[in-house]
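All remarks here apply to the structure that follows.
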Amino acid sequence: RSSPLLIFLINFLNRANLSGMAVYCFPIFFSVERIIGISFTKTLYICSMVLKKETAQKTAELLLQINAIKLQPQNPFTWASGWKSPIYCDNRITLSYPAIRNYIQENLAKQVEELYGKPDIIAGVATGAIGIGALVADYLNLPFCYVRPEAKSHGRKNQIEGLLEEGQNVVVIEDLISTGGSSLKAVEALREANANVKGMVAIFTYGFPISEENFKKANVTLNTLSDYDNLLEQAEKSRYISAKEAETLSSWRKNPSEWN
């Protein structure tokens, strides 16, 4: 049974904007004994960047169905960073499936409106989020621009492509969050152009602690349609993976650079 103190904390967190990060909590499932005695900061771990669990699990299921996310704990992939990984995610594949593309477009757009109202412009992070970012802007009937990793060395030497005016309110769309490095470079470029970055909405995040720390340091709010925890839950429920494989996948996320 939840105590009045715990209920107060959850209600407070549901309305708070702490350290630049919007906090949204799932139904209470921790006892008060596990909250008392630890720091207030640690209570944030019961929360998620996912707004709706139903949307998170359906998104995960759709990504698995079309192999936008592949789970291979017995035959891991090698990332560009050199990390061995039992998961590979390429959300650009969603653009080739109209029904799934439309589902993601609609739900990203609804999250933008729910969190930020109507911004002045939508920005996509090149290259993975150019397509889905443009679709979100179209759904909301808003202007669109996209941000390169760095300025071109020729022509107009733009890093931001499209018309962006100083002082405009921007919501950034991303397809995938790993460490957050490339995503936050886009935010930095937008801020250098004197845009007001309201936050970022992405399709999926691995939920690495380093990415959470990076977004916190950059004072950027991140919300996603789905995340790694919901993916594993849905994958096991749908029998894409066994319980043992789910344990392997869970252990990878704890220390991906050293996992083998």
Side-chain angles (χ1 to χ4, degrees), residues 19-22 49 68 78-83 85 88-96 101 104-105 108-109 111-112 115-206 208 210-225 256-257:
S19 300
M21 296 187 69
M49 287 177 274
T78 301
W79 285 5
S81 62
W83 288 3
S85 169
Y88 193 85
C89 181
D90 183 1
N91 289 329
R92 292 169 294 188
I93 293 173
T94 61
L95 299 173
S96 299
R101 179 182 71 207
I104 291 173
Q105 173 198 34
L108 284 174
Q111 277 207 17
V112 170
L115 292 165
Y116 307 109
K118 269 276 186 87
D120 298 312
I121 187 170
I122 296 293
V125 180
T127 59
I130 293 176
I132 194 63
L135 288 169
V136 171
D138 183 66
Y139 188 95
L140 296 171
N141 194 29
L142 290 173
F144 176 73
C145 66
Y146 69 86
V147 188
R148 300 176 182 275
E150 56 188 24
K152 292 194 298 183
S153 59
H154 58 281
R156 297 175 64 186
K157 300 184 178 180
N158 290 341
Q159 183 171 5
I160 300 172
E161 298 289 359
L163 180 60
L164 175 70
E165 299 178 1
E166 288 191 15
Q168 283 191 312
N169 292 321
V170 184
V171 173
V172 181
I173 301 297
E174 182 62 288
D175 66 326
L176 173 66
I177 305 295
S178 53
T179 64
S182 59
S183 308
L184 292 171
K185 281 184 180 179
V187 170
E188 183 180 352
L190 291 164
R191 286 173 170 170
E192 288 177 355
N194 295 317
N196 178 25
V197 178
K198 304 293 288 184
M200 184 180 297
V201 182
I203 299 173
F204 184 80
T205 178
Y206 293 113
F208 295 138
I210 184 64
S211 69
E212 295 174 2
E213 184 64 25
N214 286 339
F215 274 87
K216 183 178 179 180
K217 285 180 180 178
N219 195 28
V220 177
T221 302
L222 172 67
N223 289 90
T224 63
L225 292 187
S257 63

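Numbering starts at 1 and runs along the sequence shown.
Heavy-atom minimum distance, Gly180 versus Ser211: N-CB, 4.2 Å. Scanning both residues, Tyr116 and Lys198, for their nearest heavy atoms gives CE2-O, 3.3 Å. Annotation for Ile122 and Gly133: closest pair CG2-O, 3.7 Å, computed over non-hydrogen atoms. Across all their heavy atoms, Leu222 and Met49 have their closest contact at O-CG, 3.2 Å. Listed here is the closest heavy atom pair of Pro119 and Gly117: CD-O, 3.3 Å.
Separating the CD1 atom in Ile160 from the CZ atom in Arg148 is a distance of 11.5 Å, to the nearest 0.5 Å. How far CG of Asp175 is from CG of Leu95: 9.0 Å, rounded to the nearest 0.5 Å. Considering CD of Gln159 and CD of Glu188, their distance stands at 8.5 Å, rounded to 0.5 Å. Here the straight-line distance linking atom CG of Asn91 with atom CZ of Arg101 works out to 14.5 Å at 0.5 Å rounding. One distance of note links CD1 of Ile130 with CG of Leu135; it measures 12.0 Å at 0.5 Å rounding. With rounding to the nearest 0.5 Å, the separation of CD in Glu161 from OH in Tyr146 is 4.5 Å.
Using a 4.5 Å heavy-atom cutoff, the side chains of Met200 and Ser183 are in contact. For the pair Asp120/Pro143, no side-chain contact is recorded, criterion being any heavy-atom separation below 4.5 Å from C-beta on. At a threshold of 4.5 Å between non-hydrogen side-chain atoms, the residues Asn196 and Val170 do not count as touching. Leu164 has its side chain within reach of Leu190: a pair of non-hydrogen atoms, C-beta onward, lies under 4.5 Å apart. Looking at Val187 and Val147, their side chains never come closer than 4.5 Å, going by heavy atoms from C-beta outward. Contact of the Phe215 side chain with the Ile177 side chain is registered, since non-hydrogen atoms from C-beta on lie closer than 4.5 Å. Using a 4.5 Å heavy-atom threshold, the side chains of Ile104 and Leu225 count as touching. The closest side-chain heavy-atom distance from Cys145 to Ile121 is below 4.5 Å.
Around the CZ atom of Phe208, the shell of radius 6.0 Å holds more than 12 heavy atoms that belong to other residues, nucleotides or ligands. Within 6.0 Å of atom NZ in Lys217, 12 or fewer heavy atoms from other residues, nucleotides or ligands are found, so the atom counts as exposed in its surroundings.
Panel note: side chain Lys118, backbone Leu140; a donor-acceptor pair is recorded below 3.5 Å.
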query = Given the rule in the side chain to side chain contact (heavy atoms under 4.5 Å, CB included) test, do Leu108 and Ile203 qualify, once you have shown the distances and angles that lead to the verdict?
reply = CA-CA 8 Å; Leu108 284 174; Ile203 299 173; 4.1 Å; yes
inquiry  = If you apply the rule side chain to side chain contact (heavy atoms under 4.5 Å, CB included), what do you find for Arg191 with Val220, and how did you get there?
reply    = CA-CA 11 Å; Arg191 286 173 170 170; Val220 177; 3.6 Å; yes
inquiry  = One pair to check against side chain to side chain contact (heavy atoms under 4.5 Å, CB included): Asp138 and Phe144. What are the steps and the verdict?
reply    = CA-CA 8 Å; Asp138 183 66; Phe144 176 73; over 6 Å; no
ask   = Would Val125 and Ile173 satisfy side chain to side chain contact (heavy atoms under 4.5 Å, CB included), going step by step from the backbone distance to the final call?
value = CA-CA 7 Å; Val125 180; Ile173 301 297; over 6 Å; no
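The ring of Trp83 has its center no closer than 6.0 angstrom to the ring center of Tyr206.
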